[in-house]
Chemist: 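What follows is a structure written as structure tokens; I'll ask about it next.
Numbers here simply count residues along the sequence, with the first being 1.
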Amino acid sequence: MRKVCVVTGTRADYGLLYWTMKGLSQSSSIQLQVVATGMHLSPEFGLTYKQIEKDGFFIDKKVEILLSSDSSIGVSKAIGLGIISFSEVFEDLRPDILLILGDRFEILAAAIAASMSNIPIAHCHGGETTEGAVDESIRHSITKMSHLHFTSTEVYRNRVIQLGEDEDRVFNVGALGIENINKLDLLSRKDFEESIQAHLFEKNVLVTFHPVTLEHCSAETQFKELLDALQKLKNTRIIITKPNSDKDGRVIIEMIDKFVANNAQNVIAFVSLGQMRYLSAMQYMDLVIGNSSSGLLEVPSFRIPTINIGDRQKGRVAGDSVINCLPEETDISKAIQKGLGWRKEKDFQPNPYGEENASEFIVPFLEKVSIEGILKKKFNDLQY
């Protein structure tokens, strides 16, 4: 049995990896190992490891690395603690392949430890660009430590190859989140309202805003501009999901709690909606607002506009349903009004991240791919 170890650190990457994990767990030739870390183990962020277990997965190891701090020092120390902890985990589990997704600091720590342990790494969603966040450099660093690559568009496949990776080990499988849209039996409006214990209005918007980690003192300033724009919306249900454990994330959480308390008649907030409720909400939203990658990757499949604020996602492939704006109240308000009028007049194009089920490629591939000699990579020089 080939042992494939999946490390997941947030509700977001777990939601994207779910179907691949399910396929691996059902494989007759693979032993799935699951390691939960980061936000999954934090009461502040909802103890989302419980959802992994509820979904029927056995968690082989729980790796505590989050400190009670969202400063740059706290995040740096968490990475160091993660490297130490994952090195011990991999020594115990001895996986044949490590499967990871994305660009967060928890995943960087796992990738470094796996590299030092001579474990081949398969990486999902490499080659993407997010110029406003430190995730950009983390993602490319993980790409260079990885040996197999599953990208979400052909543009990103070419970019991974441009980073020197062997084109025969880089595969465009589409965005992993599309599979949730294809396969989940999403909630009816009535069931969704019961799940959030609130009624939807005639107009509804979903908001997710994360800190822009490459800009100093921006979290509070930028989020205040967004709240000022939301305050102007009348007769609108506003659903807010709280940010990840990024640097300066706590100031946003505090501002959300205060905003909800002052606008309880139409604003509600959640630490985590979970994949089912989050995607179910899309069916009934008029807009999705913020700077989350889901606004570019998954929301276009629901044929509703995304208001993408600031530089956090700058550089990503974006469909025509994405409206970019500055992190300033006036520009955000203008973009919101534009988006609210779009559904009447605009025929959205297909989602640029595809419509396929990524796990249907990844699982059979990991079952059969030869890993003999895979650790010794050659740099693939492009010919100009």
Chemist: Starting from the C-alpha separation in whole Å, work towards a yes-or-no answer on salt bridge (Lys or Arg N to Asp or Glu O under 4.0 Å) for E329 and K232.
Modeler: CA-CA 10 Å; E329 183 275 319; K232 293 184 175 181; 2.7 Å; yes

Chemist: Taking the side chain as everything from C-beta on, heavy atoms only, tell me whether L148 gets closer than 4.5 Å to P120.
Modeler: no

Chemist: Salt bridge (Lys or Arg N to Asp or Glu O under 4.0 Å) for D92 and K61? Distances and angles first, verdict last.
Modeler: CA-CA 10 Å; D92 187 26; K61 298 286 184 179; 2.5 Å; yes

Chemist: Determine, for K224 against D228, whether the closest basic-nitrogen to carboxylate-oxygen distance falls under 4.0 angstrom.
Modeler: yes

Chemist: Hey, are the side chains of V6 and L17 touching, using non-hydrogen atoms and a 4.5 Å cut-off?
Modeler: yes

Chemist: Might you point out which heavy atoms bring R312 and P211 nearest each other, and give the distance in Å?
Modeler: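 Heavy atoms of R312 and P211 come nearest at NE-O, 3.2 Å.
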
Chemist: Sequence neighbours excluded and cut-off under 3.5 Å, please list the side-chain donor-acceptor pairs for residues 171-181, or say none.
Modeler:
unit_1, atom_1, unit_2, atom_2, d
N172, OD1, T153, N, 3.4
N172, OD1, G174, N, 3.2
N172, ND2, E154, OE1, 3.4
E179, OE1, A358, N, 3.3
E179, OE1, S359, N, 3.0
E179, OE1, S359, OG, 3.2
E179, OE2, K183, NZ, 2.7
E179, OE2, S359, OG, 2.6
N180, OD1, W19, NE1, 2.9
N180, ND2, G15, O, 2.8

Chemist: Quick one: do K62 and E53 make a salt bridge, cutoff under 4.0 Å?
Modeler: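 Salt bridge: yes.
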
Chemist: Kindly indicate, with the supporting measurements, whether the criterion side chain to side chain donor-acceptor pair (under 3.5 Å) is fulfilled by H149 and T143.
Modeler: CA-CA 8 Å; H149 309 271; T143 290; 4.8 Å; no

Chemist: Ignoring hydrogens, what is the shortest heavy-atom contact between A318 and P352? Give both atom names and the distance.
Modeler: C-CG, 4.2 Å

Chemist: Evaluate side chain to side chain donor-acceptor pair (under 3.5 Å) for D135 paired with T130, printing each intermediate quantity in order.
Modeler: CA-CA 7 Å; D135 304 5; T130 48; 5.2 Å; no

Chemist: What class does the angle between the rings of Y14 and Y18 fall in, given that below 30° is parallel, 30 to 60° is tilted and above 60° is perpendicular?
Modeler: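 Answer is perpendicular, since the angle exceeds 60°.
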
Chemist: Determine whether I196 and R277 make a side-chain contact, defined as any pair of heavy atoms from C-beta on separated by less than 4.5 Å.
Modeler: yes

Chemist: Can you check whether I304 reaches V299 side chain to side chain, under 4.5 Å on heavy atoms?
Modeler: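 Yes - at least one pair of side-chain heavy atoms lies under 4.5 Å apart.
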
Chemist: Ignoring hydrogens and geometry, is there a side-chain-to-backbone donor-acceptor pair from K3 to L93 under 3.5 Å?
Modeler: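 Answer holds: yes.
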
Chemist: Grab the two heavy atoms, one from R237 and one from Q265, that are nearest each other, plus how far apart they are.
Modeler: NH1-O, 4.1 Å

Chemist: Is the NZ atom of K334 crowded by more than 12 outside heavy atoms at less than 6.0 Å?
Modeler: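 Open: at most 12 neighbouring heavy atoms sit under 6.0 Å from NZ of K334.
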
Chemist: Rounded to the nearest 0.5 Å, what's the gap from OG on S146 to CZ on R169? Could you check?
Modeler: 12.0 Å

Chemist: Using the rule given for salt bridge (Lys or Arg N to Asp or Glu O under 4.0 Å), can you reason through K377 versus E165, listing the C-alpha separation, both sets of side-chain angles and the distance that settles it, and then say yes or no?
Modeler: CA-CA 8 Å; K377 297 199 302 181; E165 297 303 294; 2.8 Å; yes

Chemist: Just do the side chain to side chain donor-acceptor pair (under 3.5 Å) check on D166 and N380 with the steps written out, would you?
Modeler: CA-CA 6 Å; D166 185 343; N380 177 34; 5.8 Å; no

Chemist: Nearest 0.5 Å, please: how far is CD in E298 from OG1 in T306?
Modeler: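 Taking OG1 in T306 and CD in E298, the distance rounds to 10.0 Å.
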
Chemist: Mind checking what makes side-chain contact (heavy atoms from CB on, under 4.5 Å) contact with I83, not counting sequence neighbours?
Modeler: I79, A109, I112

Chemist: Once rounded to the nearest 0.5 Å, what's the spacing between atom CD1 of I336 and atom CD1 of I307?
Modeler: 6.5 Å

Chemist: Before giving the answer on side-chain contact (heavy atoms from CB on, under 4.5 Å), spell out for I309 and L226 the whole-Å C-alpha distance, their side-chain angles and the decisive distance to 0.1 Å.
Modeler: CA-CA 9 Å; I309 301 171; L226 171 55; 3.7 Å; yes

Chemist: Test your reading of the model: is there a side-chain donor-acceptor pair from K144 to the backbone of L163, 3.5 Å cut-off?
Modeler: yes

Chemist: Quick check against the 3.5 Å criterion: does D331 have a side-chain atom that pairs as donor or acceptor with the backbone of L326?
Modeler: yes

Chemist: Are any side-chain N or O atoms of T236 and backbone N or O atoms of L233, one a donor and one an acceptor, separated by less than 3.5 Å?
Modeler: no

Chemist: Test salt bridge (Lys or Arg N to Asp or Glu O under 4.0 Å) on R189 and E193 and set out the steps.
Modeler: CA-CA 6 Å; R189 184 183 180 107; E193 289 178 328; 3.8 Å; yes

Chemist: Short question: side chain of D13, backbone of G9 - any donor-acceptor pair under 3.5 Å?
Modeler: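 Yes; judged by distance alone, with no hydrogens or angles, the pair exists.
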
Chemist: Which other residues belong to the hydrophobic cluster containing Y353, where Ile, Leu, Val, Met, Phe, Trp and Tyr are joined when side-chain heavy atoms lie under 4.5 Å apart, directly or via other members?
Modeler: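 Listed partners: V155, Y156, L296, L297, V317, V322.
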
Chemist: What is the minimum heavy-atom distance between G126 and T151, and which atoms define it?
Modeler: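 Taking every non-hydrogen atom into account, O-CG2, 3.8 Å.
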
Chemist: Where is the tightest heavy-atom contact between D257 and K242, given as atom of each residue plus distance?
Modeler: OD1-NZ, 2.7 Å

Chemist: When you measure from the side chain of S272 to the backbone of G274, do you find a donor-acceptor pair of N or O atoms at a distance under 3.5 Å?
Modeler: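 Yes, because the side chain of S272 sits within donor-acceptor range (under 3.5 Å) of the backbone of G274.
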
Chemist: Determine the minimum heavy-atom distance between Q283 and L187, stating which atoms define it.
Modeler: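 Where Q283 meets L187 most closely, the heavy atoms are NE2-O, 3.1 Å.
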
Chemist: So for atom CD, which belongs to Q197, do other residues, nucleotides or ligands contribute more than 12 heavy atoms lying within a distance under 6.0 Å?
Modeler: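 At most 12 heavy atoms, drawn from other residues, nucleotides or ligands, come within 6.0 Å of this atom.
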
Chemist: Check the pair L24 / L99 against side-chain contact (heavy atoms from CB on, under 4.5 Å), numbers first and verdict last.
Modeler: CA-CA 11 Å; L24 292 170; L99 177 63; 4.0 Å; yes

Chemist: Look at the rings of F209 and F223 and say which category their plane angle falls in: under 30° parallel, 30 to 60° tilted, over 60° perpendicular.
Modeler: tilted

Chemist: Given side chains that start at C-beta, do those of L206 and L273 come closer than 4.5 Å, heavy atoms only?
Modeler: yes

Chemist: Please step through side-chain contact (heavy atoms from CB on, under 4.5 Å) for the pair L184 and M276, ending with a clear verdict.
Modeler: CA-CA 7 Å; L184 289 178; M276 173 63 78; 4.2 Å; yes

Chemist: Would you say Q231 and N263 are linked by a side-chain donor-acceptor pair, where the criterion is simply a distance under 3.5 Å?
Modeler: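 Note: N263 and Q231 side chains meet the donor-acceptor criterion.
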
Chemist: Would D55 and Q51 satisfy side chain to side chain donor-acceptor pair (under 3.5 Å), going step by step from the backbone distance to the final call?
Modeler: CA-CA 6 Å; D55 288 340; Q51 183 62 51; 2.9 Å; yes

Chemist: How about T37 and F86: do any of their side-chain heavy atoms sit closer than 4.5 Å?
Modeler: yes

Chemist: For S42 and L47, run side-chain contact (heavy atoms from CB on, under 4.5 Å): C-alpha distance rounded to whole Å, both residues' side-chain angles, the deciding distance at 0.1 Å, then the answer.
Modeler: CA-CA 5 Å; S42 169; L47 292 173; 5.8 Å; no

Chemist: Is it the case that more than 12 heavy atoms not belonging to D185 sit under 6.0 Å from its CG atom?
Modeler: no

Chemist: Rounded at 0.5 Å granularity, tell me how far CG in L32 sits from CZ in F57.
Modeler: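 Between L32 CG and F57 CZ, I get 6.5 Å after rounding to 0.5 Å.
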
Chemist: When rounded to the nearest 0.5 angstrom, what is the spacing between OG1 in T10 and CG in L16?
Modeler: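 It is 8.0 Å, given to the nearest 0.5 Å.
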
Chemist: Do H123 and V160 come close enough that some side-chain heavy atom pair is under 4.5 Å?
Modeler: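 The answer is no, as the side chains (C-beta and beyond) never meet within the 4.5 Å cut-off.
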
Chemist: Would the number of heavy atoms belonging to other residues, nucleotides or ligands and lying under 6.0 Å from CD of E356 be above 12?
Modeler: no

Chemist: With a 4.5 Å cut-off on side-chain heavy atoms, are I142 and L108 touching?
Modeler: yes

